[in-house]
K.L.:
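Quick one: structure below, then a few questions.
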Amino acid sequence: MKKRIFSGIQPSGNLHIGNYLGAIQNWVKLQKEYDSIFCVVDMHAITVPQEPETLRRRTIEIAKIYLAAGIDPKKCSIFIQSHICEHAELGWILNTITKIPELEKMTQFKDKSAKDSRESASAGLFDYPVLMAADIVLYDTQLVPVGKDQKQHIELARTLAQRFNHKFGETFVIPEAYTKKESENIMGLDDPTKKMSKSAKSEYNYIALNDDAETVRKKIKKAVTDSGSEVVYQEDKPALKNLINIYSLLADKTPKEVEKLFAGKKYSDFKTELAEVIIKFLAPFQKKIGELSDEKVLAIMEDGAKKVRPLAKKKLEEVKKKIGFIV
Ligand code: ATP
Ligand code: LTN
């Protein structure tokens, strides 16, 4: 039996190369070996205000990104979270075994509610990690390929699965996060001490997956570098280390190979080449996205929902019986 992986992305903004390298690139590699389920998590997206038409457009856009990146719908199931109502139902049940301080310590909640001011943050934003735990454990997921910022949420999913099993008997598989050191935390181009983020104030923080060639050249040219002039991969040169990581992940070379490639060359030579490597990756990717029709993508997601629905129903029924609901 193949191991199961599950992951998802919110349709809540423009994706950037950090999302691609931290999550999607790994999914594409893992789909060969694992029984893979990938979700567009629209119910997570509405934990912050969304304009309905934009949410609809972005939901389809995320699915197109999965497909253009190489997720194969014949091997994997791709679906929209809100199409499987069992996620919300299991989320509710898991709420009842979650302790408030466990949610209060979540750094993503602290960051996001601080940004929007605590008073206006929704109860959904606070509860977000419980729904994420439900997404994961509903499918007996063993591995969850994500970026570093999501590890704390997966820790909670583990805690809740263990707590449920302990209280009601073996029901859930205990999931594990899957991350890669070089890609788990792609840093901002304008500030290598903070992760690349779509909610960053400046667009010079990230390369969006829909940036055109000129924008990529401009952003890479402006990216901060460290003192010195040699292209070296070192802890004390965080800006350069981040740029080398991006180069190596997109060009399928090790950081050491990239270092060698630019031995004796200047930062500016490296940056010019890096911009071209990014453009070479983005151009065919964007072309594929442009070729996918909304209808085709929606049909693929409906198909994905059909494949996973029986799994979700079966697991939820087991849960309901165990907690004493009449099913
Ligand atoms: P953002 O901060 O950009 O709004 P997010 O983490 O809130 O992103 P998503 O867009 O849903 O939300 O993230 C999708 C996936 O991309 C997750 O697995 C996340 O861990 C990963 N990811 C996000 N930013 C980075 C990054 N800078 N480096 C590596 N992985 C990342
Ligand atoms: N919180 C995640 C998105 C997400 C997810 C999941 C990831 C929702 N449910 C289940 C993995 C598994 C984020 O990236 N912001």
Side-chain angles (χ1 to χ4, degrees), residues 4-27 30 36-48 50 58-59 61-62 65-66 69 79-82 84 87-88 90-91 94 106-113 115-116 124-125 127-139 141-158 160-161 175-203 205-209 242 245-246 249 308:
R4 161 92 26 87
I5 62 172
F6 180 101
S7 198
I9 293 183
Q10 313 182 73
S12 57
N14 259 352
L15 289 203
H16 49 70
I17 52 167
N19 301 126
Y20 173 76
L21 298 173
I24 305 170
Q25 194 183 50
N26 288 330
W27 305 357
L30 293 167
S36 310
I37 306 180
F38 301 117
C39 189
V40 183
V41 290
D42 54 349
M43 293 199 292
H44 277 101
I46 60 163
T47 56
V48 295
Q50 300 292 339
R58 283 189 173 143
T59 299
E61 190 71 25
I62 298 282
I65 288 172
Y66 291 180
F79 72 100
I80 301 172
Q81 186 187 32
S82 63
I84 305 289
H87 289 244
L90 182 59
L94 293 181
M106 290 292 149
T107 49
Q108 183 172 304
F109 174 72
K110 284 195 262 183
D111 287 354
K112 290 203 175 174
S113 59
K115 252 182 225 160
D116 305 338
L125 186 66
D127 199 32
Y128 173 119
V130 181
L131 179 60
M132 178 164 164
D135 296 342
I136 296 168
V137 300
L138 191 55
Y139 299 103
T141 304
Q142 280 145 308
L143 280 188
V144 190
V146 282
K148 189 179 176 186
D149 60 319
Q150 297 301 317
K151 280 183 171 172
Q152 195 186 23
H153 292 157
I154 294 166
E155 231 3 90
L156 179 74
R158 288 171 62 83
L160 297 182
E176 265 176 58
Y178 175 98
T179 57
K180 282 250 150 98
K181 200 162 64 60
E182 296 77 21
S183 62
E184 68 172 14
N185 203 16
I186 302 296
M187 309 310 269
L189 300 177
D190 59 348
D191 179 0
T193 63
K194 295 204 183 82
K195 83 167 189 127
M196 185 177 282
S197 169
K198 59 187 168 224
S199 37
K201 279 196 199 83
S202 161
E203 61 171 4
N205 170 272
Y206 55 81
I207 303 283
L209 291 180
N242 188 45
N245 271 337
I246 295 173
L249 290 161
V308 301

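Note that the structure is predicted; figures quoted are calculated from it, not measured. Just follow the structure's listing: the first ligand is 1, and inside any ligand the first atom is 1.
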K.L.:
Taking the six-membered ring for Trp, are F109 and H153 closer than 6.0 Å centroid to centroid?
P.N.:
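No, the ring of F109 stays outside the 6.0 Å limit from the ring of H153, centre to centre.
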K.L.:
Against ligand 2, does D135 come closer than 4.0 Å with any heavy atom?
P.N.:
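Contact present.
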K.L.:
Using distance alone, determine whether M196 and ligand 1 share an N or O pair under 3.5 Å.
P.N.:
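In this structure, M196 places an N or O atom under 3.5 Å from an N or O of ligand 1.
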K.L.:
Geometry only, no angles: is Q150 polar-contacting ligand 2 at N/O separations under 3.5 Å?
P.N.:
yes
K.L.:
Would you mind checking which non-hydrogen protein atom is closest to atom 10 (C) of ligand 2, with the distance to 0.1 Å?
P.N.:
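Result: F6 CE2, 3.5 Å.
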K.L.:
Would you mind checking which non-hydrogen protein atom is closest to atom 27 (N) of ligand 1, with the distance to 0.1 Å?
P.N.:
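The closest heavy atom on the protein side is I186 O, 2.7 Å.
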K.L.:
Under 3.5 Å between some N or O of ligand 2 and some N or O of H153?
P.N.:
no
K.L.:
Would you say Q108 and ligand 1 have an N/O pair spaced under 3.5 Å apart?
P.N.:
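Between Q108 and ligand 1, no N or O pair is found under 3.5 Å apart.
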K.L.:
What is the nearest protein non-hydrogen atom to atom 24 (N) of ligand 1, stated with its residue, atom name and distance?
P.N.:
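For atom 24 (N) of ligand 1, the nearest protein heavy atom comes out as K195 NZ, 3.0 Å.
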K.L.:
Quick check on contacts: which atoms of ligand 1 are under 4.0 angstrom from a heavy atom of E184?
P.N.:
28 (N), 29 (C), 30 (N)
K.L.:
Counting from 1, what ligand 1 atoms have a heavy atom of V146 closer than 4.0 Å?
P.N.:
18 (O)
K.L.:
Among all protein heavy atoms in this structure, tell me which lies nearest to atom 9 (P) of ligand 1, with the distance rounded to 0.1 Å.
P.N.:
K198 NZ, 3.4 Å
K.L.:
Using a strict cut-off of 4.0 Å, indicate which atoms of ligand 1 neighbour a heavy atom of H16.
P.N.:
3 (O), 24 (N)
K.L.:
Based purely on interatomic distance, does G147 place a nitrogen or oxygen under 3.5 Å from a nitrogen or oxygen of ligand 1?
P.N.:
yes
K.L.:
If the cut-off is 4.0 Å to any non-hydrogen atom of G22, which atoms of ligand 1 fall inside it?
P.N.:
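Taking each heavy atom of G22 in turn, ligand 1 has 29 (C), 30 (N) under 4.0 Å.
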K.L.:
Just distances here: any N/O of A23 and N/O of ligand 1 closer than 3.5 Å?
P.N.:
no
K.L.:
Identify, for atom 1 (N) of ligand 2, the protein heavy atom at the shortest distance, and state residue, atom and that distance.
P.N.:
Y128 OH, 2.6 Å
K.L.:
Give a yes/no on ligand 1: does S199 have at least one heavy atom closer than 4.0 angstrom to it?
P.N.:
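True for this residue.
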K.L.:
Which residue holds the protein heavy atom closest to atom 7 (O) of ligand 1, what is that atom called, and what is the gap in Å?
P.N.:
K112 NZ, 3.3 Å
K.L.:
Please find the pair of heavy atoms, one from A69 and one from Y20, that lie closest to each other, and give the distance.
P.N.:
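So the minimum-distance heavy-atom pair works out to CB-CE1, 3.9 Å.
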K.L.:
If I apply the N/O under 3.5 Å rule, does I9 come out as touching ligand 1?
P.N.:
no
K.L.:
Any non-hydrogen atom of S183 lying under 4.0 Å from ligand 1?
P.N.:
yes
K.L.:
At the 4.0 Å heavy-atom cut-off, does H44 count as touching ligand 1?
P.N.:
no
K.L.:
Does any N or O atom in K148 lie less than 3.5 angstrom from one in ligand 1, N or O only?
P.N.:
no
